[in-house]
Protein chains: 2
Amino acid sequence: MANETLVTISQRTGFSISTISRVLNGQAEKYRISATTVRLIEEEAKRCNYIPNLLAKGLTTRRTNIIGLLIPSVDNPYFANIASVVICQAKTQGFTTMIVDTMENEKNEQQDVLSLISRKVDGIIIVPCDRDPAFLERISKHNIPIVLIDRYFDATSLPYVCTDNYQGGYEATIHLIGLGHERIACIQGVPYSMPNKERVRGYREALRQNNLEENARVLGTDFSVQNGYLETKLLLNGPSIPTAIFTLSNTILLGAVKAIRESGFRIPQDISIISFDNNTYLDYLDPAITRVSQPTEEIGILAVKILTESIADNKTGDTQILIPPKLIVCNSVSRLAVLEK
Amino acid sequence: MANETLVTISQRTGFSISTISRVLNGQAEKYRISATTVRLIEEEAKRCNYIPNLLAKGLTTRRTNIIGLLIPSVDNPYFANIASVVICQAKTQGFTTMIVDTMENEKNEQQDVLSLISRKVDGIIIVPCDRDPAFLERISKHNIPIVLIDRYFDATSLPYVCTDNYQGGYEATIHLIGLGHERIACIQGVPYSMPNKERVRGYREALRQNNLEENARVLGTDFSVQNGYLETKLLLNGPSIPTAIFTLSNTILLGAVKAIRESGFRIPQDISIISFDNNTYLDYLDPAITRVSQPTEEIGILAVKILTESIADNKTGDTQILIPPKLIVCNSVSRLAVLEK
DNA sequence: TTGAAAGCGCTAACAA
DNA sequence: TTGTTAGCGCTTTCAA
């Protein structure tokens with residue numbers, strides 16, 4: 001089993017390997033191979049459990065039907081979710097996924113991309129962690145199609161599918177303002193990362209439009225629970241305690257929640273909180289957390305679609321898409337009475 | 001770029017492809033190739049950005065350094081966590097991971113295994129969803145090494161690395177009993193699945209040892225939030241309300257928590273709850289959930305270790321390991337006063 | 001309607 | 001110390 005090749009089948013049926021190949025690839029009609037021949041070959045193939053060698057096939061056809069997926073950390077519900085969508089979607093298109101965890105490290109990333117190319121993947125979907133698109137652009141130009149997801153670069157020709165983070169930051173902030181909040185602090189993640197920058201931009205713009213730009217407070221340095229915890233501690237012990245906190249990721253959120261609870265403040269009576277990233281568990285926190293939900297499903301599906309089309313047409317894609325996120329309103333934000341202002 | 005082959009380098013340097021191959025594979029010493037030759041070849045390889053074709057290499061060596069990973073649902077924090085460990089661990093051993101989502105469907109599973117074999121993976125790590133090991137055993141015998149993780153079969157020769165679910169079920173129940181609980185309900189997942197059966201067995205044994213076997217109540221049918229919700233609803237509206245509920249997965253837990261809150265009961269004052277599966281968020285529920293934490297890290301590392309050794313030795317492994325889980329005690333279980341009993 | 005044969009890029013046995 | 005050559009299993013052109 002599994003050691004059968006076209007040659008063995010050829011020997012046993014008496015037909016040439018060309019004929020075997022054609023039949024087994026569904027090209028019998030095209031070559032007008034007789035029904036008897038087809039039957040004989042198919043029977044033998046099934047009988048001996050023939051399993052094609054895709055390595056050999058790939059070597060000759062220069063197509064592997066594999067797509068490479070690079071993720072900064074598979075062990076992050078948000079990325080796991082995206083990976084899941086990509087894997088399943090790719091499968092429906094006849095592609096197998098080769099997945100790599102770059103561990104949020106650009107050296108790994110470059111090496112991993114080369115490794116995938118070595119394995120002759122037909123295309124690459126990547127959540128980039130490099131700050132500079134140069135490497136990926138070079139690869140894309142000379143080798144194989146690449147689609148960025150979740151993160152993109154300032155000025156790049158590479159196709160991408162990402163959340164409209166600006167929109168998300170804006171809407172979350174408007175939501176708070178609409179409920180009477182004016183002192184809204186924002187705890188951010190890695191400052192230079194594109195999603196972070198965009199979320200902050202949205203936050204600031206919402207404040208500006210409501211003449212609250214002077215109240216803008218952007219704190220924090222990375223997407224960690226600890227960062228959320230520490231910054232919130234500082235906020236709650238500072239001179240001007242905000243009425244609402246906008247955390248730019250679910251990890252930051254958790255840290256913030258912990259700090260708030262420790263301090264004895266109640267959510268949302270004493271302090272409102274709104275966050276980025278969706279997660280089932282957020283519905284079970286007490287109170288359930290109002291948050292900006294990213295369109296992971298759409299991102300995954302579109303990325304695969306763009307990539308496979310690009311593979312089929314044998315050209316580099318140029319579609320750049322931002323998908324608006326959705327605000328999920330729960331109970332972590334209170335309406336501020338005029339008095340309290 | 002990336003269209004370079006040994007032949008092109010051979011032509012440009014004037015050395016034979018064998019020599020190029022040897023140098024580029026670090027066999028220069030072994031073949032006593034002159035330093036100059038080595039330098040010349042390496043320079044040219046770097047200059048033209050030579051990227052080896054692993055398809056061709058795999059075809060000749062019959063080794064791909066790819067391991068196949070089959071997961072029932074990547075979009076499940078628990079499995080995502082295991083996948084993450086496997087991917088990273090495999091990488092440290094020089095293996096790339098090809099991942100497939102079987103969607104908890106045995107037809108998919110079989111097809112996916114064959115597909116991976118087609119791609120000539122060197123070995124397979126799988127969370128099986130089939131109830132019958134026959135297929136995997138046949139594959140293992142004739143083709144490539146397989147290691148089961150998280151789930152195993154009653155009587156199988158296949159190597160596996162799993163949580164000691166019996167132990168987990170037992171300890172959780174003993175923990176409850178130790179705090180005075182006697183009416184402990186258990187909401188299970190898929191009844192026939194091995195982890196579930198073992199957890200229930202542990203639960204029953206703990207009760208038996210404390211002469212509480214008559215109180216055993218095992219309800220539920222699958223690992224869904226809804227199942228947890230519905231069964232809890234029934235429990236709370238039934239004639240004999242338990243003082244504690246043991247949910248056999250984090251999904252079931254969430255459903256139970258929802259039902260309990262809706263009914264106005266308080267955790268843990270009115271009803272205690274203990275669960276299976278670990279997750280960061282469980283620390284942020286109110287109260288934080290006491291749970292049995294599975295040794296995902298150890299499982300992933302060991303599975304890769306067993307598999308790669310088995311690949312290296314070119315034999316099917318036979319290591320079968322159960323790793324004890326850890327009880328994480330939080331605040332969702334109360335001590336029952338004697339009176340309340 | 002079927003077959004022969006070249007070639008994909010690489011390794012390794014054999015030769016020199 | 002280096003080279004020649006025969007495959008690995010498959011597709012595909014050309015021929016019949």
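First the proteins, then the strands, lettered A, B, ... as listed; each starts at 1.
- No side-chain donor-acceptor contact under 3.5 Å links A/S73 and A/E104.
- B/F95 pairs with exactly one of B/I66, B/L307, B/D122 by the side chain to side chain contact (heavy atoms under 4.5 Å, CB included) rule, that one being B/D122.
- Using a 4.5 Å heavy-atom cutoff, the side chains of B/R138 and B/K141 are not in contact.
- Protein atom CZ of A/R32 is 17 Å distant from nucleotide atom C1' of C/dG3, rounded to whole Å.
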Per-nucleotide protein contact string for nucleotides 9-16 of chain D (B base, S sugar-phosphate only, - none; heavy atom under 4.0 Å): BBBBBB--
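- At whole-Å resolution of the value, CZ in B/R63 and C1' in C/dC10 are 16 Å apart.
- Whole-Å rounding puts the A/K120 NZ to C/dC8 P distance at 13 Å.
- In this structure, CZ of B/R119 is placed 22 Å from P of D/dC8, rounded to the nearest angstrom.
- Pairs engaging residues 306-319 of chain B under the side chain to side chain donor-acceptor pair (under 3.5 Å) rule: B/K305-B/E309 [sequence neighbours left out].
- Using a cutoff of 4.0 Å between basic side-chain nitrogens and carboxylate oxygens, A/K46 and A/E42 are not scored as salt-bridged.
- The shortest distance between the side-chain N/O atoms of B/T19 and the OP1/OP2 oxygens of D/dG3 is below 4.0 Å.
- For the pair B/I33 CD1 and C/dT11 C1', the computed distance is 13 Å after rounding to whole Å.
- B/K30 has its NZ atom 11 Å from the C1' atom of C/dA13, to the nearest Å.
- No side-chain heavy atom of A/I33 sits under 4.5 Å from any side-chain heavy atom of A/I41.
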